[in-house]
Amino acid sequence: MNEDAFWQLIEDCRPMEPDPDADLLADTLTERLAQSPLSLTIGFAEQLSWALYRLDRKEYGHDLGGDAFLYTRAAVVAAGRTEFDSVLEDSAAFTLYATDLIWAESLLYTPDRAYRRITGEEWDRDTRYSYESYSNTEGWAD
């Protein structure tokens with residue numbers, strides 16, 4: 001899955017009604033991925049990790065603990081490509097997410113849930129980029 005396909009899938013699955021914790025988005029994405037080839041789930045996990053890794057930077061997370069920072073970055077991804085790109089261009093756009101603690105923790109588990117539905121097994125996911133907070137050493141360099 002390339003980056004454009006990832007963002008299109010996010011957009012296609014975003015609910016029309018308010019979804020403050022991205023639970024509806026995560027459920028819809030899980031359902032869509034679970035009915036697709038396994039390669040799509042793996043590609044989604046890679047793109048999700050890459051997006052979260054790109055937001056793992058000092059200017060965004062300097063005042064947040066590890067889990068809060070991760071879930072807040074997930075909320076930016078859940079908001080879609082336009083919002084994601086805005087935050088990358090202007091770190092001040094991240095402030096709303098951090099200040100109001102807007103989280104989308106459930107988005108993180110989407111690939112694992114889809115993998116389990118497809119294969120019947122737990123996934124020991126190992127993506128190219130870590131989405132864990134503070135793993136982007138370049139983003140945290142002085």
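Remember, predicted model here, so these are calculated numbers, not experimental data.
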query: In Å and rounded to the nearest 0.5 Å, what is the CG to CD1 distance from Leu107 to Ile10?
result: 5.5 Å
task: Please say which of Tyr134, Trp140, Tyr129 ends up in a side-chain hydrogen bond (donor to acceptor under 3.5 Å, both in side chains) with Asp56.
output: Trp140
- request: Can you see which heavy atom on Ala45 is nearest to which on Thr127, and at what distance?
  value: O-CG2, 3.7 Å
message: I'd like to know whether Glu3 forms a side chain to side chain contact (heavy atoms under 4.5 Å, CB included) with Gln47, so could you lay out the CA-CA distance, the side-chain angles of the two residues, the decisive distance to 0.1 Å, and finally the verdict.
response: CA-CA 6 Å; Glu3 191 174 2; Gln47 289 296 332; 3.7 Å; yes
message: I'd like to know whether CG of Asp124 has more than 12 heavy-atom contacts from other residues, nucleotides or ligands below 6.0 angstrom.
response: no
query: Relative to the ring of Tyr115, is the ring of Trp123 parallel (under 30°), tilted (30 to 60°) or perpendicular (over 60°)?
result: parallel
- prompt: Are Leu108 and Tyr71 side-chain neighbours, meaning at least one heavy-atom pair lies under 4.5 Å?
  reply: yes
statement: Between the CG atom in Leu48 and the OG1 atom in Thr41, the distance rounded to the nearest 0.5 Å is 12.0 Å
Interatomic distance, Ser135 atom OG to Tyr53 atom OH [nearest 0.5 angstrom]: 6.0 Å
query: Do any pairs count as a side chain to side chain donor-acceptor pair (under 3.5 Å) and have a residue in residues 16-28, sequence neighbours left out, and if so which ones?
result: Asp23-Ser106, Asp27-Arg113
Lys/Arg-Asp/Glu bridge criterion (N-O < 4.0 Å) met for Glu46, Arg128: no
field: Qualifying residues under side chain to side chain contact (heavy atoms under 4.5 Å, CB included), relative to Leu9, sequence neighbours excluded
entry: Met1, Cys13, Leu29, Arg32, Leu33, Phe44
query: Are Thr72 and Trp103 side-chain neighbours, meaning at least one heavy-atom pair lies under 4.5 Å?
result: yes
message: Please verify the inter-ring angle class for Phe94 with Tyr60; under 30° counts as parallel, over 60° as perpendicular, anything in between as tilted.
response: tilted
task: Starting from the C-alpha separation in whole Å, work towards a yes-or-no answer on side chain to side chain contact (heavy atoms under 4.5 Å, CB included) for Arg73 and Phe69.
output: CA-CA 6 Å; Arg73 288 182 288 134; Phe69 184 40; 3.6 Å; yes
May I have the list of side-chain donor-acceptor pairs in residues 75-85 shorter than 3.5 Å, sequence neighbours left out?
residue : atom : partner : partner atom : Å
Arg81   : NH1  : Asp4    : OD1          : 2.6
Arg81   : NH2  : Asp4    : OD1          : 3.1
Glu83   : OE2  : Tyr97   : OH           : 3.2

- request: Could you pull out all residues at least two apart from Asp90 that satisfy side chain to side chain contact (heavy atoms under 4.5 Å, CB included)?
  value: Ala92
query: For the hydrophobic clusters of this structure (ILVMFWY residues joined by side-chain heavy atoms under 4.5 Å, transitively), does one cluster hold both Ile102 and Leu52?
result: yes
- prompt: Which one of Lys58, Arg57, Arg54 satisfies the side-chain contact (heavy atoms from CB on, under 4.5 Å) criterion with Asn136?
  reply: Arg57
message: Test of understanding: with salt bridge (charged side-chain N to carboxylate O under 4.0 Å, His left out), list the residues that count as partners of Asp112, not counting sequence neighbours.
response: Arg125
query: Sequence neighbours excluded, which residues qualify as side chain to side chain contact (heavy atoms under 4.5 Å, CB included) partners of Glu31?
result: Gln35, Arg117
- prompt: Do Val87 and Trp7 share a hydrophobic cluster, counting only Ile, Leu, Val, Met, Phe, Trp and Tyr and linking them when any side-chain heavy atoms are less than 4.5 Å apart?
  reply: yes
task: May I ask you to test the Asp67-Ser133 pair for a side-chain heavy-atom distance under 4.5 Å?
output: no
